[in-house]
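A note on names: the letters A, B, ... follow the listed sequences, proteins ahead of strands, and every chain is numbered from 1.
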2 protein chains.
Amino acid sequence: MRISTRSRYGMRLMLALGINENKKPVFLKDIAQSEGISEKYLSQIVIPLKARGVISSFRGAHGGYLLGKPASQIRLRDIIEPLEGDFCLVDCVKSSDICDKWEECATRDIWNEMSSLLLNYMDEFTLEDLIKKHRFKH
Amino acid sequence: MRISTRSRYGMRLMLALGINENKKPVFLKDIAQSEGISEKYLSQIVIPLKARGVISSFRGAHGGYLLGKPASQIRLRDIIEPLEGDFCLVDCVKSSDICDKWEECATRDIWNEMSSLLLNYMDEFTLEDLIKKHRFKH
DNA sequence: TTATATACTACTTAATTGATAGATTAAATT
DNA sequence: AATTTAATCTATCAATTAAGTAGTATATAA
């Protein structure tokens with residue numbers, strides 16, 4: 001069970017935008033190059049993040065990307081969820097129509113609790129925390 | 001990011017073996033039928049669980065399967081890990097040769113911590129706990 | 001109006017998932 | 001000893017998903 005590269009690249013992208021001291025928008029080309037990621041692939045990843053509001057963009061010459069809101073208001077969940085699709089370990093956590101043993105199933109509780117562990121973490125941890133972690137390492 | 005059906009089926013299989021009051025081995029056929037899972041598919045899932053020691057088997061007529069050890073000594077990790085492969089959200093959590101920014105990468109810490117949350121849960125929670133949960137519901 | 005960079009759409013390739021099918025082996029029963 | 005039973009082994013397959021490419025359209029600054 002692995003996180004998709006979309007989420008991993010997306011996280012690195014958001015960190016790159018977050019540590020951008022400049023108020024000038026950053027070119028995707030530059031992030032792609034410095035992170036060693038395909039620019040075309042990154043340009044697809046950006047879309048759902050923009051839809052979620054954590055990224056804002058500017059088209060045309062001198063365009064680029066900025067954080068859509070302060071890093072302290074961006075939860076990891078806001079980054080991972082749009083890229084990973086709705087985040088739960090099994091489908092029956094979300095809807096009960098899939099399985100006729102939904103009510104009585106003890107194993108569902110397990111997957112449910114494990115999903116919650118991750119969701120809680122992603123809700124509490126913000127991009128600002130990630131940036132601090134990064135600065136501490138550098 | 002979903003748990004594979006292998007793990008889900010494996011968990012239900014282990015619970016079925018766990019609530020088997022009889023000391024007689026259980027036929028895979030019967031579990032497959034009552035759980036609505038392909039017997040052939042289940043027979044593949046059983047192999048890595050047996051290798052891990054959480055299942056013991058008996059061939060031939062009146063054969064079948066039993067728990068390999070007391071349910072209290074079977075951690076969820078012993079069920080999920082053999083079926084899911086080594087359990088971590090990104091490869092760079094395990095080995096550092098994949099990425100040349102291993103040391104300095106702050107995002108890796110995120111995936112690392114999320115992986116640990118799940119592993120800790122799976123280490124603490126046992127099949128016995130799952131069985132209790134099941135009995136409570138029935 | 002030209003250069004630049006984002007936005008959109010379609011396609012491709014490889015890997016993984018979730019099975020199915022059939023032959024083989026071991027043990028108990030007849 | 002022959003037969004039945006059920007686990008074990010090996011191979012294959014179809015569908016889906018993941019990961020990435022390619023090309024066009026659009027908006028904006030100079």
Touch class at under 4.0 angstrom, heavy-atom based, for B:F27 against every strand present: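 Result for B:F27 = sugar-phosphate.
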Strictly below 4.0 Å: does [X] bring a side-chain N or O up to OP1 or OP2 of [N]?
{"X": "B:K40", "N": "C:dA21", "result": "no"}
{"X": "B:T5", "N": "C:dG18", "result": "yes"}
{"X": "B:S38", "N": "C:dT20", "result": "yes"}
{"X": "B:Y65", "N": "D:dT8", "result": "yes"}
{"X": "A:Y9", "N": "D:dA19", "result": "no"}
{"X": "A:S57", "N": "C:dA7", "result": "yes"}

Taking atom [atom2] of [N] as reference, at what distance in whole Å does atom [atom1] of [X] sit?
{"X": "A:K29", "N": "C:dT4", "atom1": "NZ", "atom2": "P", "result": "8 Å"}
{"X": "B:K24", "N": "D:dA6", "atom1": "NZ", "atom2": "P", "result": "12 Å"}
{"X": "B:L28", "N": "D:dA7", "atom1": "CG", "atom2": "P", "result": "5 Å"}

Pairwise 5' ranking along DNA chain C for A:M1 and A:G63, keeping only the more 5' one: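 Counting from the 5' end, the first nearest nucleotide belongs to A:G63.
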Could one point to a donor on the side chain of [X] or the base of [N] with an acceptor on the other under 3.5 Å away?
{"X": "B:R59", "N": "C:dT25", "answer": "yes"}
{"X": "A:E39", "N": "C:dT6", "answer": "no"}
{"X": "B:Q44", "N": "D:dT8", "answer": "no"}

A:S7 side chain to A:I3 backbone, donor-acceptor under 3.5 Å: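 No, A:S7 side chain to A:I3 backbone: no donor-acceptor pair under 3.5 Å.
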Same apolar cluster: A:M1 and B:F125, side chain cutoff 4.5 Å: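 In one cluster with A:M1: B:F125, yes.
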B:L130 reachable from A:W102 in the ILVMFWY side-chain graph, under 4.5 Å edges: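 The answer is no; the residues belong to distinct hydrophobic clusters.
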Criterion side chain to side chain contact (heavy atoms under 4.5 Å, CB included) on A:Y41 and A:T5, from CA distance to verdict: CA-CA 10 Å; A:Y41 194 33; A:T5 55; 3.2 Å; yes
Intermediate values then yes/no, side chain to side chain contact (heavy atoms under 4.5 Å, CB included), A:M14 and A:I74: CA-CA 10 Å; A:M14 291 300 292; A:I74 297 177; 4.0 Å; yes
